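Below is one structure; the comments refer to it alone.
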Number of protein chains: 2
Amino acid sequence: MFNKRVKIKELLTMQPDGQEVTVMGWVRTFRNNQFIALNDGSTNTNLQVVAGLGEFDDSLLKRITTSASLKVTGTVIPSQGKGQKLEIKATAIEILGDSDAEKYPLQPKKHSLEFLREIAHLRFRTNTFAAVFRIRHSLAFAIHKFYHEKGFLYLHTPIVTASDAEGAGEMFRVTTLPFDNPPRNEDGSINFKDDFFGKSTNLTVSGQLEGELGATAFGEIYTFGPTFRAENSNTARHLAEFWMIEPEMAFCDLEDNMNLAEEFIKYIIRFAMDNNREDLEFLASRLAEEEKQLPADKRSEMGLIEKLEFVVNNNFERITYTEAIDILLQSPAYKKKKFQYEVKWGIDMQSEHERYLVEKHFKKPVIVINYPKDIKAFYMRLNDDGKTVAAMDILAPGIGEIVGGSQREERIENLEKRMKEMHVPADDLWWYLDTRRFGTVPHAGFGLGFERMVLFVTGMTNIRDVIAFPRTPKSAEF
Amino acid sequence: MFNKRVKIKELLTMQPDGQEVTVMGWVRTFRNNQFIALNDGSTNTNLQVVAGLGEFDDSLLKRITTSASLKVTGTVIPSQGKGQKLEIKATAIEILGDSDAEKYPLQPKKHSLEFLREIAHLRFRTNTFAAVFRIRHSLAFAIHKFYHEKGFLYLHTPIVTASDAEGAGEMFRVTTLPFDNPPRNEDGSINFKDDFFGKSTNLTVSGQLEGELGATAFGEIYTFGPTFRAENSNTARHLAEFWMIEPEMAFCDLEDNMNLAEEFIKYIIRFAMDNNREDLEFLASRLAEEEKQLPADKRSEMGLIEKLEFVVNNNFERITYTEAIDILLQSPAYKKKKFQYEVKWGIDMQSEHERYLVEKHFKKPVIVINYPKDIKAFYMRLNDDGKTVAAMDILAPGIGEIVGGSQREERIENLEKRMKEMHVPADDLWWYLDTRRFGTVPHAGFGLGFERMVLFVTGMTNIRDVIAFPRTPKSAEF
């Protein structure tokens, strides 16, 4: 058995009583031919390993280079240096794997995030990305914990699908047909009967429709899986492959939906704050440092942790779409013609509008409800005014839309009418309509973009830096 | 706010003290114009709602049909009937949604699993599938809990990828290129530079290679995500889209790997036994009932719960591949020529061989290690004998292979040699080889097929019955 080691995170909480331990990890730095900073990925705090002068062969010491992997046995003693409680006095050092310092791409200096994106296979070994991905882990775990404890059922909705949940998605085709001489019908069109699934199939853009099938049997379900958009958007907020959480609740209206979403977001942020304090503090100082480069008016008013505490401790603002438009029309920004895009009732608000509401006007997360039906999906519940639907978007400072949801149209006549108006093929969705035919219930749900949530909590600014291996136009490396 | 209800599962644990509650759910049966069996998906145990004779309009009572959805307010009283502690004496009944009993496909009778597969959008509303999917949920949650508590990091490895982790997978193409006049290079081949990701891309067959990148930074990671095989296998054990859990551990050898896998499997089974007793008991009687149809020698020796208890309480058998072949060669089955396929050192064991070892010889889960290198993947660590690799498969009774794993080849010379021999393009995997160049470490991991695990725990026999919406050749419904 090889893995009899103590993780550095755990070791750092121990009392240094001269006990013997074995640690394994990668060298971050080696100073004065004596002091090894060792990291094993469990924490950003390196363990100081002391290789007593004259106690180890020069041939071994030469191999202790940045990123070399070591197995060290030694005794835990109080540290002489400051900033650390304990260190290891090495009695045995074994080189598990060498690392050629000349060739290793990560030097002990600051690298740009752009450069690190090109070596995404190694960027986990930096303090910034290690912190980001440990927080991502905590948020993911908190999501499962939150829903599990509430009695929601985790439903794996399909990834390959023949349906288009949004009614207008740009989708990736999934196929085993060859490009050279694909099978064709008599009229020359492609014969998808010969494709693997016997029909034309795509990657899912949302698990919602299938989620509704689950909710109308189990009461409350959630999904947490990958979703895909073949949108040619090369922005800091878009990915072609991203993870989404989609809870769906029977016996639930728009207000219940808002309450759940707010409670949920606060819960997972609090979980990260309780479990990743050190990583958050690291990212908070990183962000503060970055913002020093910005002109004063572009800097955040709050530090990262201050911002998270504010979100967790305050109610989200709740306004209707109509109120949001009124606020925009009354705003100094509008009056000074600072908005690039038009503002009037009926528009699909642009990023500049959402940011104004969230960052300038309310300075906190905002839930906007009751959008015009014409800019929303066919499945959203028509309000009594006949003009708006029971939609809700949650807008977060610095991120924009982080949640999109609605109460669903449970009345089959309304739903069928809306599908007809919006050219959604009812025949393909017979199974979806069945939920309205056999014991339909008021129900609601939303989708949270996981990477946007990770952006918000980590203070990172490019979405490619919060997913391990980003998929974007012209890029699918690793 | 709509959703002020108590879930039936919770209600059934209360003391019937005449307190007022509101419940919502779907009608399972309505007897004597008086007794409603209501189900809300939280448990298979229906709540008895009593609509006192003469207290409700006939027009309302007529609408209480199978699958109609109700909101019921009433008082909780001790039940007169047997088998239930309490019931609800209704004071108000609201029909949320009607259900035409003539058209509703699920009648209160036994339906075949094949029929229910065709109405997979409604099968969650049957006791069998409700139990299966609640157990599936528990297993999924237990997986996250197990790794979280051990300090493993949950890594989302990419779904769309340009690499083929297995070196020989049958893969689904992901593309936005048109079949009609796709862009071509001068030599007539397809120009994938014009495809969305600028290269030819597929759905992942495994997250392992990317998982190794994570493990060699964070120490220990796991994945839990969908994986895909475009194999034309129409069997009860294969899906084109399935979920897999892939832990990967640095500083870990084959023995550590086996220990972790065994502990992990026992943990999640125990979690389901602790949290889903009622559902397991339901499935156990269902299975016992099913097996009564079988000839005596085809029946299981143990009941479902007995089997799970046995697995949790006993060590898995651990044998080498060479020992396994010897056992087969010595077996009565071999001597009586009952095996269809050849048995000799070097074969890739067939299902009949694995089943013999597990079901006849050892009668418990078996871990087989040290397979011939020629039947295993390029990344498995070569043993000192030069003939075998440090692979491990875990075989489970009734299921066959449930886990496949190995210690990974951490020595770059060996790895490069093996890739060359097996025609795995080293240039495409430069990033994978980097982990061996810069501080390589002994490491290991495995993959657990989630649906096969759910099959094992639920006692279901067709893998299409343990995933919500199965994807198989010529089928991608819902």
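Residue numbers start from 1 in every chain, and the chains themselves are labelled A, B, ... in the order their sequence lines are given, proteins ahead of strands. Everything numeric here is computed off the predicted structure, so don't read it as measured data.
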Cut-off 4.5 Å, heavy atoms of chain A, and the answer for B:Phe242 is neither

All heavy atoms of A:Lys199 vs all of B:Glu477, minimum pair found to be NZ-OE2, 3.0 Å

When the 4.5 angstrom heavy-atom criterion is applied to B:Phe228 and chain A, the contacting part is side chain

Applying a strict 4.5 Å limit to non-hydrogen atoms, the region of A:Arg136 in contact with chain B is side chain

If one checks every heavy atom of A:Ile159 against chain B at 4.5 Å, the contacting part turns out to be both

Applying a strict 4.5 Å limit to non-hydrogen atoms, the region of B:Leu153 in contact with chain A is both

When the 4.5 angstrom heavy-atom criterion is applied to A:Leu203 and chain B, the contacting part is side chain

Ranked by heavy-atom pairs below 4.5 Å to chain A, first place among B:Arg411, B:Lys103, B:Glu410 goes to B:Lys103

So, the part of A:Trp431 with a heavy atom under 4.5 Å from chain B: the answer is both

Closest non-hydrogen contact found for A:Met171 with B:Thr176 is O-CG2, 4.1 Å

Max heavy-atom pairs within cutoff under 4.5 Å with chain A, candidates B:Glu10, B:Arg436, B:Arg123, B:Arg134, goes to B:Arg134

Rounded to the nearest 0.5 angstrom, the CZ-CG distance for A:Phe124 and B:Leu213 is 6.5 Å

Ranked by heavy-atom pairs below 4.5 Å to chain A, first place among B:Ser189, B:Ser67, B:Ser42 goes to B:Ser67

Looking only at A:Asn39, A:Thr66, A:Thr472, most heavy-atom pairs under 4.5 Å shared with chain B are made by A:Thr472

Before we go on, tell me: are the rings of B:Phe197 and A:Phe172 under 6.0 Å apart, centre to centre?
yes

Residue from A:Val441, A:Val160, A:Thr201, A:Ile412 scoring the most non-hydrogen pairs under 4.5 Å with chain B is A:Val160

TODO: For A:His137 and B:His148, run side-chain hydrogen bond (donor to acceptor under 3.5 Å, both in side chains): C-alpha distance rounded to whole Å, both residues' side-chain angles, the deciding distance at 0.1 Å, then the answer.
DONE: CA-CA 9 Å; A:His137 162 84; B:His148 176 74; 2.9 Å; yes

Applying a strict 4.5 Å limit to non-hydrogen atoms, the region of B:Thr216 in contact with chain A is both

- Would you say A:Thr440's side chain and B:Gly97's backbone share a donor-acceptor pair under 3.5 angstrom? no

When the 4.5 angstrom heavy-atom criterion is applied to A:Lys9 and chain B, the contacting part is neither

Is the distance between the ring centroids of A:Trp26 and B:Phe218 under 6.0 Å?
-> no

B:Gly225 and A:Trp243 have their tightest heavy-atom pair at CA-CH2, 4.4 Å

Comparing B:Phe141, B:Tyr432, B:Phe450 against chain A, the one with the most heavy-atom pairs below 4.5 Å turns out to be B:Phe141

Strictly under 6.0 Å, is that where the ring centroids of A:Phe133 and B:Tyr154 end up? no

Honestly, the part of B:Ala68 sitting under 4.5 Å from a heavy atom of chain A is backbone

Correct closest heavy-atom pair for A:Ser99 and B:Gly439 would be CB-N, 3.8 Å

Handout entry: Verdict with supporting geometry, A:Leu106 and B:Phe438, side-chain contact (heavy atoms from CB on, under 4.5 Å)
Key = CA-CA 10 Å; A:Leu106 283 173; B:Phe438 304 116; over 6 Å; no

Okay, A:Pro470 and chain B: the region with an atom under 4.5 Å from a heavy atom over there is neither

(Q) Run the side-chain contact (heavy atoms from CB on, under 4.5 Å) test on A:His121 and B:Glu210 for me, step by step, so that the C-alpha distance in whole Å, both residues' side-chain angles and the decisive distance to 0.1 Å come before the verdict. (A) CA-CA 8 Å; A:His121 65 305; B:Glu210 291 90 353; over 6 Å; no

If one checks every heavy atom of A:Ala215 against chain B at 4.5 Å, the contacting part turns out to be backbone

Turns out that what part of A:Tyr104 lies under 4.5 Å from chain B's heavy atoms comes down to both

| said: Heavy-atom count check: over 12 atoms from other residues, nucleotides or ligands less than 6.0 Å from B:Lys474 NZ? | reply: yes

* Step by step, would you call B:Thr161 with A:Phe469 a side-chain contact (heavy atoms from CB on, under 4.5 Å)? -> CA-CA 10 Å; B:Thr161 171; A:Phe469 303 101; over 6 Å; no

Interatomic distance, CG@A:Asp40 vs CD@B:Glu220, rounded to 0.5 Å, equals 9.0 Å

The interface call for B:Arg437 against chain A, heavy-atom contacts under 4.5 Å, is backbone

Worksheet item: What about the rings of A:Phe224 and B:His156, do their centers lie closer together than 6.0 Å?
Response: yes

Under 4.5 Å to a heavy atom of chain B? For A:Thr65 that would be neither

When the 4.5 angstrom heavy-atom criterion is applied to B:Arg184 and chain A, the contacting part is side chain

When the 4.5 angstrom heavy-atom criterion is applied to A:Ala230 and chain B, the contacting part is both

Given B:Asp180, B:Ile467, B:Thr43, the one with more heavy-atom pairs under 4.5 angstrom with chain A than any other is B:Asp180

- Task: Go through the steps to decide whether A:Asp256 and B:Arg5 satisfy the test salt bridge (charged side-chain N to carboxylate O under 4.0 Å, His left out), and finish with yes or no.
- Result: CA-CA 12 Å; A:Asp256 299 315; B:Arg5 64 168 175 132; over 6 Å; no

Looking only at B:Ala217, B:Gly151, B:Pro226, the option with the highest number of non-hydrogen pairs under 4.5 Å against chain A is B:Ala217

Any side-chain heavy-atom pair of A:Thr175 and B:Phe179 under 4.5 Å: yes

What one should report as the nearest heavy-atom pair of A:Ala240 and B:Phe196 is CB-CE2, 3.6 Å

### Query
Can B:Asp195 and A:Arg173 be counted as an ion pair, charged N to O under 4.0 angstrom?
no

What one should report as the nearest heavy-atom pair of B:Arg471 and A:Pro158 is NE-CB, 3.3 Å

So, the part of A:Tyr147 with a heavy atom under 4.5 Å from chain B: the answer is neither

Sorted by chain and residue number, the ring pair (Phe, Tyr, Trp, His ring centres under 6.0 Å) partners of A:Phe129 (sequence neighbours excluded) come out as none

(Q) Could you check, using the six-membered ring where one of them is a Trp, whether B:Trp430 and A:Phe478 have ring centers closer than 6.0 angstrom? (A) yes

Whatever's closer than 4.5 Å to a heavy atom in chain B on A:Glu231 counts as backbone

Residues passing the side-chain contact (heavy atoms from CB on, under 4.5 Å) test with A:Asn232, sequence neighbours excluded, are A:Pro473

Turns out that what part of A:Ser475 lies under 4.5 Å from chain B's heavy atoms comes down to backbone

Counting heavy-atom pairs under 4.5 angstrom with chain B, the leader among A:Leu177, A:Asp428, A:Leu122 is A:Leu177

